[in-house]
Amino acid sequence: MSDSGKLLFFDDVQLWAKNNIVRKLGAPELVPEGTLLDPRTELSFAYPTVLPNINTGGWRCLYQGLLPGGTNASGDPSIVPGISQFAACVADSDDGISWIFPDLSESVPVSDRRIPNQVEPASLDMFGEWGPPYYDERAESPHERIKGFVCKGHGPQTGVKDSWIVTSPDGLAWAGDLNSARWHPYGSDPTVSAFWSDHRGSYVLVIRPNNGDRRIAVMETRDWKEFSSLELALWADALDPDLAEIYAMPSFPYGGMYIGLVWLYSVPPVGDEYGKFNAGRIDCQLAYSYDGLHWNRSLRNSFIPNTGPGEVGFGCILPSSMVVTDTEVRFYSCASRVEHAAYDESLGLNNGAILMHRMRIDGFVYFECPGGVSYLKTR
């Protein structure tokens with residue numbers, strides 16, 4: 001049983017007996033009116049985080065958007081035709097459903113501003129991209145309340161990336177640079193997630209072991225300056241589709257345990273030069289942990305499935321933010337119409353969006369009686 005006293009039915013560890021009961025996954029519902037479309041950026045890999053807006057009492061969404069352009073800041077050709085580098089962006093909402101894009105041109109100085117709702121964790125030349133920022137309620141200084149995990153590549157041929165941390169009190173003003181502590185010893189894609197583990201008395205970072213290595217590792221820190229060694233925690237296994245990989249696993253404390261949103265990358269059986277890096281679809285499954293370090297997979301059904309053909313979310317759906325209100329659990333995802341890195345030039349900036357799903361409290365997994373009499377007995 002979890003520390004909170006809740007029994008969430010992920011497994012049978014705390015059961016003594018059960019009869020005529022079926023374990024099933026919850027099914028978060030799409031909230032169409034919660035869809036965030038940014039007319040100035042492409043959002044397929046936005047990696048949104050929705051967090052409290054300390055200035056208004058509402059909600060703030062931090063995300064990255066691909067800017068129109070044609071080449072990256074380094075001069076390398078963009079993977080997206082007609083699109084250049086990522087920019088860090090902000091949207092605000094009173095209710096976490098309907099969003100506006102604030103014009104920060106006068107209030108938030110940005111040296112290389114391209115769009116009104118852009119913020120600057122680093123200059124565009126240094127920014128690269130970032131993963132879902134972390135809202136740290138335990139931060140000693142309010143100026144370090146929000147952590148942003150930035151990574152910057154050194155060209156497509158090197159496979160090397162720098163990974164550093166920037167901080168902010170509100171998501172608008174940021175501090176930190178390449179001289180700050182690294183959150184990854186080797187460099188990684190920005191598929192990073194952080195949470196506080198009461199069981200470990202530390203912050204846990206859920207990351208890839210290395211750039212392009214699509215497995216899940218964990219690393220701990222207590223001060224955001226020194227980090228433990230990487231430990232492998234989860235990877236695709238024989239129950240997954242052929243050639244599948246775990247792209248990332250944003251993770252969150254919940255009910256005295258920890259919930260992992262597994263991005264399962266199902267790739268086509270191709271043998272060309274792109275291998276597993278081009279095409280393929282991603283949906284969301286569930287994992288869970290009782291201490292934040294050791295993880296188990298749940299049922300292998302989709303928790304947040306892909307949408308229908310032609311819809312945003314058909315190619316990839318990547319939940320990266322979980323918000324628990326008094327009445328429901330909300331999930332915010334970036335999603336795309338087409339498969340991984342297989343952009344349709346005709347779609348322009350309309351390939352992706354940020355989607356919102358909602359679910360009842362404690363609705364991750366449940367037991368169902370298929371008919372007749374059922375019972376269960378706890379320890």
Side-chain angles (χ1 to χ4, degrees), residues 36-49 51 53 55 60-92 99-134 143-156 158 160-184 187-190 192 334 343 348-354:
L36 190 157
L37 289 165
D38 187 337
R40 299 179 180 88
T41 66
E42 209 288 316
L43 298 177
S44 294
F45 294 96
Y47 304 144
T49 288
L51 42 79
N53 186 334
N55 297 323
R60 173 156 288 163
C61 182
L62 299 176
Y63 62 96
Q64 64 179 15
L66 272 168
L67 298 168
T71 59
N72 295 307
S74 62
D76 300 318
S78 172
I79 63 170
V80 187
I83 301 258
S84 62
Q85 69 265 29
F86 284 104
C89 306
V90 169
D92 288 332
W99 297 93
I100 62 170
F101 303 103
D103 187 343
L104 305 174
S105 303
E106 300 296 329
S107 59
V108 180
V110 170
S111 61
D112 45 10
R113 179 177 297 283
R114 293 273 303 277
I115 55 177
N117 60 318
Q118 178 184 343
V119 294
E120 190 175 26
S123 66
L124 288 178
D125 286 341
M126 294 171 57
F127 179 63
E129 46 185 329
W130 68 355
Y134 171 54
H143 297 286
E144 299 179 350
R145 183 181 292 113
I146 303 172
K147 272 80 172 177
F149 306 101
V150 180
C151 71
K152 172 67 175 177
H154 294 281
T158 67
V160 176
K161 290 189 176 183
D162 279 322
S163 305
W164 71 97
I165 294 173
V166 292
T167 61
S168 173
D170 56 8
L172 303 182
W174 291 87
D177 55 34
L178 281 170
N179 295 317
S180 63
R182 300 296 197 268
W183 57 263
H184 197 290
S188 172
D189 284 348
V192 56
C334 55
Y343 286 86
L349 300 181
N350 297 313
N351 177 55
I354 294 174

Return the [atom1] to [atom2] distance between [X] and [Y], rounded to the nearest 0.5 Å.
X	Y	atom1	atom2	result
W174	K147	CH2	NZ	10.0 Å
D38	I354	CG	CD1	8.0 Å
R145	T167	CZ	OG1	11.0 Å
I100	C61	CD1	SG	12.5 Å
Q85	L124	CD	CG	5.0 Å
Q64	Q118	CD	CD	12.5 Å

Are any side-chain N or O atoms of [X] and backbone N or O atoms of [Y], one a donor and one an acceptor, separated by less than 3.5 Å?
X	Y	answer
S168	A173	yes
W183	V150	yes
R113	V108	yes
E42	G352	yes
N117	V90	yes

How close do [X] and [Y] get, counting heavy atoms only, and between which atoms?
X	Y	answer
T41	L43	OG1-CD2, 3.4 Å
W99	A91	CZ3-O, 3.5 Å
D92	P102	OD2-CG, 3.7 Å
P116	R40	CD-NE, 3.5 Å
P48	P132	O-CB, 4.3 Å
F127	W164	O-CH2, 4.5 Å

> Would Y63 and C334 satisfy side-chain contact (heavy atoms from CB on, under 4.5 Å), going step by step from the backbone distance to the final call?
Replying inline: CA-CA 9 Å; Y63 62 96; C334 55; over 6 Å; no
> Knowing that exactly one of I146, L104, L62 qualifies, which makes a side-chain contact (heavy atoms from CB on, under 4.5 Å) with L172?
Replying inline: L104
> Under 4.5 Å between any side-chain heavy atoms of L36 and F101, yes or no?
Replying inline: yes
>> We want to know whether D112 and S123 form a side-chain donor-acceptor pair, criterion being a heavy-atom distance below 3.5 angstrom.
In response: no
>> Assess the residue pair Y134 and F149 against the criterion (side-chain contact (heavy atoms from CB on, under 4.5 Å)); give the C-alpha distance rounded to whole Å, side-chain angles, the decisive distance to 0.1 Å, and a yes or no.
In response: CA-CA 8 Å; Y134 171 54; F149 306 101; 3.9 Å; yes
